[in-house]
Amino acid sequence: MTGHHKFNQLIQNISPERKAKIEQKKAQIKEKIELNKLNQAFWEK
């Protein structure tokens with residue numbers, strides 16, 4: 001099929017700067033998830 005590539009092929013061409021930005025965004029999302037879990041646990045009591 002046209003336009004289909006393995007994921008590894010797609011990510012190997014990402015620049016180191018872009019990879020760093022992606023990792024930073026992932027960390028922010030994980031932090032928000034943890035805060036949301038704590039908030040839910042607090043209000044469920």
Side-chain angles (χ1 to χ4, degrees):
M1 289 186 195
T2 303
H4 289 91
H5 301 280
K6 292 185 178 180
F7 186 73
N8 288 336
Q9 290 175 330
L10 294 173
I11 62 171
Q12 73 185 9
N13 295 328
I14 296 175
S15 70
E17 294 84 12
R18 183 70 182 136
K19 286 181 183 179
K21 191 172 182 179
I22 290 168
E23 289 301 319
Q24 183 181 25
K25 186 67 173 178
K26 280 174 35 179
Q28 288 175 346
I29 291 170
K30 286 180 180 182
E31 184 178 339
K32 285 182 182 182
I33 289 170
E34 289 302 316
L35 288 172
N36 189 27
K37 286 180 182 179
L38 289 171
N39 191 24
Q40 285 181 338
F42 177 78
W43 290 109
E44 285 178 357
K45 290 185 176 184

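Worth knowing before you read on, the calculation uses all heavy atoms, side chains too, and leaves out hydrogens, waters and symmetry mates. Not measured: the values here are computed from a predicted model.
- Interatomic distance, Gln40 CD to Leu35 CG, rounded to the nearest 0.5 Å: 11.5 Å.
- Under the 4.5 Å side-chain contact rule for hydrophobic residues, Leu38 and Trp43 do not share a cluster.
- In this structure, the side chains of Arg18 and Lys21 come closer than 4.5 Å at one or more pairs of heavy atoms.
- Using a 4.5 Å heavy-atom threshold, the side chains of Lys37 and Ile33 count as touching.
- Of all heavy-atom pairs spanning Ile11 and Lys19, the tightest one is O-CE, 3.7 Å.
- Here the straight-line distance linking atom NZ of Lys32 with atom CD1 of Ile29 works out to 7.5 Å at 0.5 Å rounding.
- Environment of CD in Gln9: crowded, with over 12 heavy atoms of neighbouring residues, nucleotides or ligands closer than 6.0 Å.
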